[in-house]
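Written below as structure tokens is the structure these notes are about.
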Amino acid sequence: MNDFLGTSGLILNEPLLWEKGKKGRRGMSMAEADVPAADIAPDICGEGPDFPDLSEVDVVRHYTRLSQWNYGVDTGLYPLGSCTMKYNPKINDKLAATPEIAAAHPMLGDAAVQGALRIIYELQEDLAAITGMDAVSLQPSAGAQGELAGMLIFAAYHRSRGSVRTKILIPDTAHGTNPASAALCGYRPVSLPCNAQGVLDVQSVAERMDEETAGIMLTNPNTLGIFETNIRRIAEIVHARGGLVYGDGANMNAIMGIVDIKKCGVDVMHLNLHKTFSTPHGGGGPGAGPVCVVRELERFLPVPRAVKDGEVYRLEYNRPDSIGRLHAFHGNFSVLVRAWSYIRSMGPENLKKASQLAVLNANYIKERLKGSLHLPYDLPCMHECVFSDKLQHENGVKTLDIAKRLIDYGYHPPTIYFPLVVPGAIMIEPTETECRDDLDLFVEAVKKVVQEAGENPQLLLQAPVRSKLRRLDETRAARTPCLRG
Amino acid sequence: MNDFLGTSGLILNEPLLWEKGKKGRRGMSMAEADVPAADIAPDICGEGPDFPDLSEVDVVRHYTRLSQWNYGVDTGLYPLGSCTMKYNPKINDKLAATPEIAAAHPMLGDAAVQGALRIIYELQEDLAAITGMDAVSLQPSAGAQGELAGMLIFAAYHRSRGSVRTKILIPDTAHGTNPASAALCGYRPVSLPCNAQGVLDVQSVAERMDEETAGIMLTNPNTLGIFETNIRRIAEIVHARGGLVYGDGANMNAIMGIVDIKKCGVDVMHLNLHKTFSTPHGGGGPGAGPVCVVRELERFLPVPRAVKDGEVYRLEYNRPDSIGRLHAFHGNFSVLVRAWSYIRSMGPENLKKASQLAVLNANYIKERLKGSLHLPYDLPCMHECVFSDKLQHENGVKTLDIAKRLIDYGYHPPTIYFPLVVPGAIMIEPTETECRDDLDLFVEAVKKVVQEAGENPQLLLQAPVRSKLRRLDETRAARTPCLRG
Amino acid sequence: MRYLPHTREEITEMLAVVGKGSLDDLFASIPPECRFDGEIPIPAGLSEWQLNDLVRQIAASMTVTPDHCVLVGAGRYHHHIPATIPALIGRSEFLTAYTPYQPEIAQGTLQGIFEYQTLTAILLGMDVANASLYDGGSALAEALLMGLRAVKNGRRVAVSAAVHPHYRAVARSYLQSTGFELVELPFGPDGRTDFSSLAGMTGLAAVAVQSPNFFGVVEDQVAAAAAIHAAGALFISCFSEPMAYGLIKNPGRCGADIACGEGQSLGMPVSFGGAALGMFACRQEYLRNMPGRLVGETVDLEGRRGFVLTLSTREQHIRREKATSNICSNQGICAMIAAMYMASLGGGGIRETARLNYDKSEYLKGELVRAGATLVFQGPTFNEFVVRFAGDFEPIRRKLEERKIVAGLELGGSYPELSGCYLFCVTEKVAKKDLDIVVSEVRA
Amino acid sequence: MRYLPHTREEITEMLAVVGKGSLDDLFASIPPECRFDGEIPIPAGLSEWQLNDLVRQIAASMTVTPDHCVLVGAGRYHHHIPATIPALIGRSEFLTAYTPYQPEIAQGTLQGIFEYQTLTAILLGMDVANASLYDGGSALAEALLMGLRAVKNGRRVAVSAAVHPHYRAVARSYLQSTGFELVELPFGPDGRTDFSSLAGMTGLAAVAVQSPNFFGVVEDQVAAAAAIHAAGALFISCFSEPMAYGLIKNPGRCGADIACGEGQSLGMPVSFGGAALGMFACRQEYLRNMPGRLVGETVDLEGRRGFVLTLSTREQHIRREKATSNICSNQGICAMIAAMYMASLGGGGIRETARLNYDKSEYLKGELVRAGATLVFQGPTFNEFVVRFAGDFEPIRRKLEERKIVAGLELGGSYPELSGCYLFCVTEKVAKKDLDIVVSEVRA
Ligand SMILES: Cc1ncc(COP(=O)(O)O)c(C=O)c1O
Ligand SMILES: Cc1ncc(COP(=O)(O)O)c(C=O)c1O
């Protein structure tokens with residue numbers, strides 16, 4: 001394994017925070033007590049939390065060590081399908097920390113915060129321009145909340161037409177958040193199968209779409225990495241029966257400047273700024289899931305919205321049809337600044353180029369690996385491709401084992417066991433920021449792992465061996481939950 | 001080894017910069033070409049360097065991976081004797097990066113840069129106050145250049161008195177920079193042995209100090225971690241014979257607020273801001289080695305000096321007796337800002353406390369390890385203590401092996417084979433920012449290594465095994481030097 | 001473009017491998033009627049330097065700067081943030097990782113979140129905390145939905161009118177299409193919630209109270225718990241200022257079943273309201289109804305302690321439409337920051353800091369009253385309070401703004417009945433000298 | 001204090017272990033006559049917040065701000081620095097490590113410096129570069145001393161008067177007590193060094209020329225090499241602006257034996273002149289005379305490529321008074337920054353950036369001449385040049401400063417004969433529009 005990325009090195013152990021420290025230490029400065037101590041009523045006074053007391057160096061070492069147990073995009077290739085783990089530019093982080101921006105208080109009048117409003121306004125406009133949609137709200141904090149916004153808009157729309165609808169069509173390739181978000185609005189998901197080409201049949205939509213169905217929620221490109229070629233026809237059917245079309249935009253990275261979402265017939269969609277627009281995912285967030293709509297649905301968008309009058313930006317609250325607020329303020333603003341910074345840096349040409357290269361990289365991986373791993377849908381793909389562990393079954397090796405062995409080779413594994421329609425799915429999304437040499441090295445690593453699966457499956461079953469910890473007992477964690485120290 | 005700090009984890013390999021990249025990539029933005037291209041004379045025009053072309057993510061991953069092969073103070077205990085590897089506060093880094101400070105141009109008039117001059121002036125004053133000396137220049141870029149400044153001042157002083165002196169007394173415990181700096185001024189070092197108590201005898205100085213000797217260069221506490229108790233008497237002898245006393249202040253961390261250097265009879269000294277004053281050492285610098293003198297020698301200090309007239313700061317150049325410049329500008333200013341920030345944060349009480357705790361920690365280590373490792377000078381120590389490998393010789397184990405095995409336990413090894421007067425020296429300087437629990441864990445690790453030396457010396461001889469690379473062939477590197485790719 | 005590594009030759013070679021003649025050919029499957037027309041209508045790309053200039057310009061258009069003393073909280077609080085936190089959280093192994101689906105190479109995130117869960121549970125006095133929700137608003141909404149799941153036949157929830165108006169708005173949004181009813185409880189002249197209307201309510205699943213509430217008033221949560229439990233409902237204790245629990249009784253001590261709110265105060269910048277941190281904790285018995293991710297302790301193959309995402313059978317990726325929430329990405333980094341901040345303060349530090357907030361706020365309150373202002377509510381407060389001034393305060397407020405002090409928030413927008421009343425916030429960051437300027441301008 | 005972890009109890013316990021009754025007892029060996037009287041006379045410690053305020057105040061007292069367009073170089077250059085560099089160099093594994101004495105846990109620093117040495121050697125066209133010296137000034141001084149070591153019977157060195165005056169001052173300081181002689185070579189009306197006086201000089205060990213020199217003039221280094229080598233001396237090619245070698249011929253190509261200078265331009269902020277980076281390279285045959293640390297390639301026990309400090313028998317810690325230099329700590333992080341910057345630019349980028357420096361500088365030069373200014377020197381320049389104006393330039397300069405443009409450096413301080421002449425510097429950072437403002441003010 002010497003020419004591969006992964007190797008072993010010195011890593012430090014580190015206990016839990018409360019296993020360190022000594023009462024009386026301080027890890028940060030205190031402010032000056034320049035006023036007299038005030039009396040406090042005993043009935044409201046508590047004891048204060050029993051936190052460990054640490055020094056500054058305790059805290060610094062604790063988190064420095066913890067960080068070294070992690071793998072990020074800056075460490076290496078992170079081909080986690082459906083997650084678009086592209087490079088997160090450092091300049092975006094720096095600009096989000098601009099003191100005037102970091103100190104902007106959201107309860108002040110519009111005149112005091114013109115700069116912040118400008119960023120919000122411009123980003124709304126940019127995302128509309130990129131998708132082809134007409135209006136955007138940046139409030140949703142992540143993709144799932146964007147979906148919720150979308151479903152609330154569906155419901156508000158149907159309500160406004162006096163129509164009561166209880167079902168929604170959702171393909172079986174959909175991400176779990178789709179049915180969960182729909183359910184939050186009282187919709188019952190109706191499952192739509194995909195066909196042998198990995199896409200939705202017009203026919204199956206036509207069969208299921210009825211006057212009790214609020215519409216359809218689809219992902220395009222879908223989670224198999226395939227473009228839903230029938231989308232226009234599907235949308236026409238849904239529209240004809242009074243429904244709306246929701247587009248899960250998690251996979252927008254495949255189609256910027258190439259596909260016009262509105263022209264596809266989509267009425268509402270969300271974007272994941274922490275995927276397509278390069279904001280760091282932070283080990284689980286914060287993200288941002290702006291919701292984009294066609295003109296007819298604009299009145300339902302969350303309030304407040306940033307608008308521009310002449311040269312002045314202001315927040316508009318008075319939208320009686322709005323679904324209301326989804327965030328106490330304006331969403332994850334510091335994430336929005338980063339996405340704005342990314343779009344300003346890329347411009348129209350490079351956004352399109354990014355999509356082209358993302359698709360090129362995925363097809364390249366697909367082509368180079370298709371002999372080694374089973375490819376259930378051997379079609380040109382978009383930004384990601386989905387393999388399975390079928391060929392390795394004879395060796396007693398499963399997707400999980402392949403994934404874990406890739407860790408030893410220095411890679412973050414692909415997304416596994418999703419989408420559900422592919423048993424043992426291995427979903428690879430390289431993104432456009434990976435260069436050919438790095439893809440080649442990854443391909444070699446996968447091939448090596450596949451070879452090991454044939455020759456010495458124990459290497460996979462025992463993997464990973466290089467990481468600080470080996471496989472973790474998830475059953476035990478769930479059976480006797482220990483959720484705090 | 002499970003309860004110790006050191007363990008193994010996933011680390012990524014990374015080639016050399018020019019083994020990556022592809023012609024045509026760019027790792028940073030270019031500026032706008034808003035003027036016409038100008039002609040350039042062919043006789044001066046070159047081809048430009050043949051650097052590799054990398055993308056931004058190439059560069060980011062390259063250095064992220066490299067960093068993970070390193071061990072720093074933020075990683076863990078770094079008891080490198082004589083180096084004072086204390087915690088480097090983050091706020092100091094932040095303040096040194098203040099945009100107005102980072103953009104200050106050193107060729108502008110004083111009026112434009114009052115803030116920068118203020119920091120220089122205050123730091124000069126602070127260091128004078130802390131040492132007890134009268135005047136300070138911040139120009140020297142590191143300890144060795146501070147020593148050179150000191151030696152130049154020695155020479156200038158003697159010249160000013162029409163005296164020609166060719167020798168200088170230097171204890172055999174001295175750091176290599178001392179004789180090297182003295183030699184740069186044409187002085188021939190005369191070695192002074194230390195006595196059984198690890199300090200200089202008055203007698204031996206008296207025997208060697210003569211009218212051809214410029215003075216003495218000593219380190220106090222010395223590199224055995226012992227305070228030179230005879231320093232006043234020694235200084236008197238040197239002064240009486242027309243010489244000067246140089247104090248190497250590398251070990252100032254032991255004695256802030258406790259010893260007055262001027263009262264010791266020292267005429268010139270340097271400080272290492274990257275040791276005592278918490279500036280990060282950066283894997284080899286930049287440091288800063290301010291030189292401090294008594295009033296009589298102030299006129300020899302490097303120019304320019306920062307002075308204060310009323311409320312205005314200015315640079316003074318007109319000092320005819322000055323030894324001149326040692327730096328193109330004002331020394332490593334960004335390091336100076338950090339040291340100033342540290343001193344402002346600590347104040348008088350905590351500087352003294354730091355020294356007290358540094359000495360407490362060193363004595364604690366000495367006490368706890370003295371059964372396990374040979375202690376050549378069993379005396380109360382200052383900020384560091386020096387052991388040797390004598391007890392381990394019977395196992396065929398040397399200091400180097402002990403040091404390398406400590407790496408496996410998660411520690412940066414102590415300074416080894418210095419000072420030269422202790423064969424197989426193991427010089428431990430814990431510094432004050434280490435807490436007792438961490439010292440205890442370190443002590444246990446050393447004891448474990450000592451035990452292994454007895455039971456299974458191969459563990460030491462083969463160490464380290466956890467680090468990314470194992471022992472490196474230094475002979476080969478020196479015999480057939482390969483100094484570039 | 002520096003983020004796009006492909007050279008022209010590489011593109012050509014890779015296209016050959018995939019059997020395409022051009023980049024456009026990769027998109028052959030896309031029907032013409034779906035295609036984007038022309039170029040994306042956004043401005044041309046900027047260099048890093050042009051972008052820096054633009055942001056400098058934008059920053060300059062912010063008239064309230066970091067140098068201002070902002071006496072406004074109302075859900076977002078100016079507290080001191082040590083330089084260690086940006087330095088540590090900026091480590092790219094934390095920042096550029098995804099959700100820790102592969103625990104072997106995500107132990108940093110996982111242990112960090114486990115510690116966050118623990119410190120949060122301690123701070124709030126609850127049994128168990130989750131790995132975060134989006135913000136205080138959606139945390140409240142999720143708590144209400146959780147109450148509706150947990151309480152049999154629950155079909156109605158109540159929320160105090162003294163809960164942050166924006167949180168209430170978010171809760172209304174979340175509930176609008178569920179068929180459940182949301183009622184509001186009024187507040188009394190002491191600024192505390194009036195629970196008298198609870199008595200007769202049927203189908204009540206949960207009641208949410210914020211303390212300190214939007215007016216800064218510390219609710220009588222012990223009494224609240226009694227009234228709410230008597231009505232057969234779960235007691236949701238909500239907050240926008242967790243710093244308060246350094247000094248005042250925490251939700252758990254007062255009998256809360258669920259504690260939820262906004263964690264920005266714990267080390268995050270005000271940053272125009274985001275990134276936010278939805279904190280969420282509950283009593284053990286409601287664990288399986290809890291929304292959001294959870295990190296749990298376990299061991300690895302060799303028996304070494306480690307951490308994993310757990311109890312995910314509650315979550316969307318397993319349970320899909322039957323999940324306890326639709327949340328997927330949460331506010332991971334914000335939770336890590338909160339843990340770093342709590343760890344940096346320690347038990348002693350949070351007590352001292354909370355105390356300073358209280359003392360400074362009490363100081364301004366007292367001085368303003370002495371200067372002729374009227375306290376609108378009589379209940380005890382933490383670091384915010386509401387006053388009414390004898391005359392028109394706006395000219396004074398403008399004058400203070402010229403002196404770089406933002407003096408309070410006028411409440412008429414959210415509470416028409418409180419028009420002309422001002423909500424002041426005083427944290428440990430505010431110096432007495434600035435408070436004295438406010439008082440002297442009020443006097444003048 | 002947050003940097004001092006010891007609690008009172010721990011101190012007591014530890015004192016017991018070491019057998020002392022108090023902290024003071026630890027210092028029993030210190031004679032009374034050496035003791036510090038009273039408290040250190042410096043101001044009381046500040047909290048992080050007070051310190052932040054103080055620095056804000058200090059920053060505000062800088063009248064030339066980051067928003068100014070500074071047309072001054074003279075040894076310190078305003079170039080663009082990408083956000084990646086502070087982010088990467090700030091990684092604490094780099095920043096908080098010592099000199100890589102233990103190569104097994106310092107491979108990051110070691111490979112990084114090896115790469116720096118390589119890129120530096122390429123940039124300068126030399127065989128081998130060291131791991132850094134302090135700054136351009138001491139690098140020149142060390143080069144002269146190296147020449148004196150390398151050339152038998154060398155007792156004299158010559159330095160062009162067009163070398164940065166501060167570098168020459170440092171060289172004088174270093175040589176003042178060595179007994180060696182330092183002579184200066186004049187420059188001609190083209191601003192280039194006049195080597196005619198070399199012919200008769202005896203005992204000449206080395207001659208140092210800077211190119212581009214202090215006046216921005218690119219020296220005829222090929223001719224210089226011929227003249228210097230004819231005189232039996234080593235040719236030291238010095239620089240303050242390495243960016244120039246993106247466009248103009250490098251020292252190696254011109255026949256230099258040693259190349260040395262300041263590397264700040266390569267990714268470091270101007271920062272009032274420091275931290276600096278002394279770059280130093282030479283031809284292979286002089287390697288053993290070279291000052292400073294060197295990193296070399298080797299293998300580990302298992303044959304894997306690795307890097308170590310090497311050839312240390314030249315250095316003070318081995319050779320003590322016989323070392324090639326007294327240097328120990330150097331400018332490690334600055335060298336790493338320079339490597340990051342060179343890697344970020346790449347061969348293509350440094351060419352383009354150097355070209356922009358040249359073009360913009362030529363533009364201003366041409367426009368100023370058209371506006372009536374006189375070029376003081378006729379030699380070709382890179383990104384700096386010297387002009388004289390028809391009338392008194394100071395009023396115009398003050399006016400420009402009000403418009404946030406710092407227009408050149410008056411040279412009378414360093415060169416009395418050039419009083420009233422101004423050295424202008426134009427880098428890629430400067431926008432044409434600012435140059436046009438300067439020109440129009442000159443015209444007005
Ligand atoms: C296709 C798809 N939809 C929705 C989501 C949910 O997005 P978020 O995690 O931002 O809520 C994801 C995230 O993985 C996704 O891949
Ligand atoms: C005692 C002593 N003197 C001098 C020095 C030289 O200091 P610098 O490396 O800053 O030049 C050192 C550094 O290790 C030292 O320990």
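A note on names: the letters A, B, ... follow the listed sequences, proteins ahead of strands, and every chain is numbered from 1. Keep in mind the model is a prediction, meaning the values are calculated, not measured.
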Heavy-atom distance under 4.5 Å to chain D: side chain of B:T415, backbone, both or neither?
-> neither
Chain B interface, residue from D:G296, D:G348, D:P82 that has the most non-hydrogen pairs under 4.5 Å = D:G348
Interface moiety of B:Y63 toward chain D, non-hydrogen atoms closer than 4.5 Å | both
Let me know if D:R253 has heavy atoms under 4.5 Å from chain B in its side chain, its backbone, both or neither.
-> side chain
Under 4.5 Å from any heavy atom of chain B - which part of D:L88 = side chain
Part of D:I327 lying under 4.5 Å from any heavy atom of chain B = backbone
B:E56 versus chain D, heavy atoms under 4.5 Å apart: side chain, backbone, both or neither?
-> side chain
Applying a strict 4.5 Å limit to non-hydrogen atoms, the region of D:N330 in contact with chain B is both
Compare every heavy atom of D:L15 with every heavy atom of D:L23, then report the nearest pair and how far apart it is.
-> N-CD1, 3.8 Å
Name the region of B:L336, side chain, backbone, both or neither, that has any atom closer than 4.5 Å to a heavy atom of chain D.
-> neither
Where does B:R118 contact chain D at under 4.5 Å (heavy atoms): side chain, backbone, both or neither?
-> side chain
Could you have a look at B:T433, B:N332, B:I226, B:L80 and say which one has the most heavy-atom pairs with chain D under 4.5 angstrom?
-> B:N332
Under 30°, 30 to 60°, or over 60°: which ring-plane class applies to D:F272 and B:F333, parallel, tilted or perpendicular?
-> perpendicular
What part of B:L108 is in contact with chain D, defined as an atom under 4.5 angstrom from a non-hydrogen atom: side chain, backbone, both or neither?
-> side chain
Under 4.5 Å heavy-atom distance to chain B, tell me which part of D:V218 shows up: side chain, backbone, both or neither.
-> side chain
Does the separation of the ring centres of B:F418 and D:H317 fall below 6.0 angstrom?
-> no
Would you check, one step at a time, whether the test salt bridge (charged side-chain N to carboxylate O under 4.0 Å, His left out) holds for D:E104 with B:K404?
-> CA-CA 9 Å; D:E104 297 86 354; B:K404 296 303 182 194; 2.7 Å; yes
Answer key: most heavy-atom pairs under 4.5 Å with chain D among B:G143, B:A156, B:S341 is B:S341
If you count heavy-atom pairs under 4.5 Å with chain D, which of B:I255, B:T75, B:I101, B:V335 comes out on top?
-> B:I101
Could you look at D:I42 and say if it's the side chain, the backbone, both or neither that has a heavy atom under 4.5 Å from chain B?
-> both
Between the side chains of D:E115 and B:H62, is a donor N or O closer than 3.5 angstrom to an acceptor N or O?
-> yes
Is B:K353 atom NZ crowded by more than 12 heavy atoms from other residues, nucleotides or ligands, each under 6.0 Å away?
-> no
Part of D:A131 lying under 4.5 Å from any heavy atom of chain B = neither
For B:P380, is it the side chain, the backbone, both or neither that has a heavy atom under 4.5 Å from a heavy atom of chain D?
-> side chain
Residue B:E434 versus chain D: region with a heavy atom under 4.5 Å | backbone
Side chain, backbone, both or neither: which part of D:S29 has a non-hydrogen atom closer than 4.5 Å to chain B?
-> both
With a 4.5 angstrom heavy-atom cut-off, which part of B:H412 approaches chain D: side chain, backbone, both or neither?
-> both
Keeping the roles fixed (side chain from B:K468, backbone from D:I105), state whether a donor-acceptor pair exists under 3.5 Å.
-> no
Side chains of B:S181 and B:E147: is there a donor and an acceptor less than 3.5 Å apart?
-> yes
When heavy-atom pairs shorter than 4.5 Å are enumerated against chain D, which of B:I343, B:L351, B:I130 gives the highest number?
-> B:I130
Salt bridge (charged side-chain N to carboxylate O under 4.0 Å, His left out) between D:K360 and B:D34, intermediate numbers included | CA-CA 8 Å; D:K360 293 191 184 218; B:D34 54 3; 3.0 Å; yes
Could you tell me which of D:E428, D:R172, D:E362, D:E352 has the largest number of non-hydrogen atom pairs under 4.5 Å with chain B?
-> D:E352
Test log, rule salt bridge (charged side-chain N to carboxylate O under 4.0 Å, His left out), inputs D:E13 and B:R436 = CA-CA 10 Å; D:E13 290 160 19; B:R436 188 200 170 168; 2.4 Å; yes
Heavy-atom distance under 4.5 Å to chain B: side chain of D:P41, backbone, both or neither?
-> both
Minimum heavy-atom distance between B:L326 and D:S173, given as atom pair plus value = CD2-CB, 4.2 Å
Closest heavy-atom pair, B:D260 versus B:G132, reported as atoms and distance to 0.1 Å, is OD1-CA, 3.7 Å
Sort D:L345 into side chain, backbone, both or neither according to what part of it lies under 4.5 angstrom from a heavy atom of chain B.
-> both
Pick from D:I350, D:T96, D:I122 with the largest number of heavy-atom pairs that fall under 4.5 Å of chain B | D:T96
Choice from B:H327, B:M346, B:R368 maximising heavy atom contacts with chain D below 4.5 Å | B:H327
Given that the side chain runs from C-beta out, which part of B:N88 has a heavy atom under 4.5 Å from chain D: side chain, backbone, both or neither?
-> side chain
Should the heavy atoms of other residues, nucleotides or ligands under 6.0 Å from NZ of B:K23 be counted, would the total exceed 12?
-> yes
Proximity breakdown for D:S61 and chain B, heavy-atom pairs closer than 4.5 Å = both
Chain D contact via B:P99 - side chain, backbone, both or neither, heavy atoms under 4.5 Å | both
Starting from the C-alpha separation in whole Å, work towards a yes-or-no answer on ring pair (Phe, Tyr, Trp, His ring centres under 6.0 Å) for D:H166 and B:F329.
-> CA-CA 7 Å; D:H166 296 178; B:F329 301 106; 5.6 Å; yes
Under 4.5 Å to a heavy atom of chain D? For B:Y364 that would be both
When D:S325, D:P66, D:A169 are compared by non-hydrogen pairs under 4.5 Å with chain B, the top option = D:P66
Evaluate the ring planes of D:Y98 and D:Y101, with Trp represented by its six-membered ring, and classify them as parallel (under 30°), tilted (30 to 60°) or perpendicular (over 60°).
-> tilted
Heavy-atom distances under 4.5 Å only: say whether B:E100 touches chain D with side chain, backbone, both or neither.
-> both
Would you mind checking which part of B:K366 comes under 4.5 Å of any heavy atom in chain D, side chain (CB onward), backbone (N, CA, C, O), both or neither?
-> neither
For B:E349, does the CD atom have more than 12 heavy-atom neighbours from other residues, nucleotides or ligands under 6.0 Å away?
-> no
Residue part contacting chain B, namely of D:V64, when any heavy atom lies under 4.5 Å | both
Using a cut-off of under 4.5 Å on heavy-atom pairs, state which of B:G21, B:P89, B:A155 scores highest against chain D.
-> B:P89
Per-residue tally against chain B (heavy atom, under 4.5 Å) across D:P269, D:G137, D:A343 peaks at D:A343
Select one option (side chain, backbone, both, neither) describing which atoms of D:R355 are under 4.5 Å from chain B's heavy atoms.
-> side chain
Qualifying residues under side-chain contact (heavy atoms from CB on, under 4.5 Å), relative to B:S67, sequence neighbours excluded | D:R91, D:E93, D:F94
Shortest non-hydrogen contact between B:S467 and B:I407, atoms and distance = CB-CG2, 4.3 Å
Heavy-atom proximity to chain B below 4.5 Å, by part of D:L54 | side chain
